[in-house]
Amino acid sequence: MTTVTSTIDYGNLMHRAMRGLIQEVLTRIENEGLPGAHHFFITFDTMHPDVEIADWLSDRYPGEMTVVIQHWFDNLNVTDEGFTITLNFGDNPETLYIPYDAIKTFVDPSVEFGLRFETQEDDEDTEIGEVDEAPMDEMVEPDEPDDDKPKEAEVVSLDQFRK
């Protein structure tokens, strides 16, 4: 006998669909590279139990961190549960594992596309909108190295992307 619930959990279904979209986009980037001006700001929960980042990064960014996938990245490996990527922070290439469940926002400012995932403590509404919907005040931006020399990661304001 099948048990029927009294409501359809659209919020949960939407979150799964949006995470599937992120997986599909990242899989294309893994296979083909970043096309044109596309680049991503990904904010994630550094305290999520399945996130794997260097201790110094979790100490520096307790709670959440925003990374930029743009000029230089390496070893992008996308799975059904999350993705692994190597980014440069100063002269330190660091490998990060970010499960989709830890992602708070996914933004591609080149086309003004953004997803924001609400947590249980929030209003349980999922916002799908423009860059200004994303609650990101800082981002960590690994830069493209000149002559194969890694550059320092920067923290910059996203105010320029807000309307």
Side-chain angles (χ1 to χ4, degrees), residues 15 17-48 50-117 119 126-163:
H15 278 202
M18 292 188 320
R19 287 185 173 101
L21 179 145
I22 293 170
Q23 179 182 358
E24 185 173 336
V25 168
L26 291 176
T27 298
R28 286 185 185 180
I29 303 313
E30 176 184 23
N31 295 330
E32 302 167 15
L34 276 169
H38 287 281
H39 57 289
F40 311 118
F41 301 155
I42 301 174
T43 301
F44 64 98
D45 177 0
T46 57
M47 302 307 291
H48 186 283
D50 295 327
V51 164
E52 295 176 16
I53 60 175
D55 289 343
W56 72 270
L57 285 173
S58 60
D59 290 346
R60 187 169 177 185
Y61 300 98
E64 73 178 35
M65 177 180 182
T66 300
V67 293
V68 178
I69 300 175
Q70 186 171 15
H71 299 295
W72 187 94
F73 60 91
D74 201 11
N75 303 319
L76 177 60
N77 182 23
V78 181
T79 68
D80 288 341
E81 292 79 35
F83 65 98
T84 303
I85 190 166
T86 301
L87 299 171
N88 269 328
F89 299 92
D91 289 330
N92 300 319
E94 293 286 352
T95 300
L96 299 84
Y97 173 72
I98 303 169
Y100 303 121
D101 286 346
I103 295 175
K104 293 183 170 190
T105 61
F106 178 90
V107 178
D108 183 344
S110 71
V111 292
E112 296 187 15
F113 176 80
L115 301 174
R116 181 173 70 180
F117 297 92
T119 60
T126 301
E127 295 289 337
I128 304 173
E130 304 199 14
V131 175
D132 65 344
E133 292 293 322
M136 298 183 294
D137 294 325
E138 296 181 335
M139 68 179 176
V140 177
E141 182 173 358
D143 290 327
E144 181 175 14
D146 293 330
D147 303 319
D148 296 326
K149 182 180 177 194
K151 287 186 177 179
E152 182 74 26
E154 299 179 49
V155 176
V156 281
S157 171
L158 290 180
D159 290 339
Q160 63 186 337
F161 299 107
R162 295 195 168 126
K163 293 187 181 207

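Excluded from the calculations below are hydrogen atoms, water molecules and symmetry mates; all remaining heavy atoms, backbone and side chain alike, are included.
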Geometric cation-pi criterion Arg116 and Phe106, 6.0 Å radius, 45° cone: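 Not flagged: Arg116 not positioned over aromatic ring of Phe106.
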If you look at every heavy atom in [X] and [Y], which pair is closest and at what distance?
X: Phe73; Y: Ile29; answer: CZ-CG2, 3.8 Å
X: Thr79; Y: Tyr97; answer: OG1-OH, 4.4 Å
X: Asp80; Y: Tyr100; answer: O-CE1, 3.4 Å
X: His39; Y: Asp108; answer: O-OD1, 3.0 Å
X: Met47; Y: Gly63; answer: CG-N, 3.8 Å
X: Leu87; Y: Val68; answer: CD2-O, 4.1 Å

Phe83 and Ile42: CA distance, side-chain angles, deciding distance, side-chain contact (heavy atoms from CB on, under 4.5 Å) verdict: CA-CA 12 Å; Phe83 65 98; Ile42 301 174; 3.9 Å; yes
Test log, rule side-chain contact (heavy atoms from CB on, under 4.5 Å), inputs Thr84 and Leu76: CA-CA 6 Å; Thr84 303; Leu76 177 60; over 6 Å; no
side-chain contact (heavy atoms from CB on, under 4.5 Å) assessment of Thr66 paired with Phe44: CA-CA 6 Å; Thr66 300; Phe44 64 98; over 6 Å; no
Backbone N/O of Tyr61 and side chain of Thr46: donor-acceptor pair under 3.5 Å: yes
Neighbour count >12 (heavy atoms, 6.0 Å) for atom CG, Asp59: yes
Validation row: Glu94, Ile53 side chains within 4.5 angstrom (heavy atoms):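 Counting from C-beta outward, Glu94 and Ile53 never come under 4.5 Å.
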Sub-4.5 Å side-chain heavy-atom contact between Gln23 and Val78: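 Gln23 reaches Val78 side chain to side chain.
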Test side-chain contact (heavy atoms from CB on, under 4.5 Å) applied to Phe117 and Asp101, Thr105, Ile22, the passing residue: Ile22
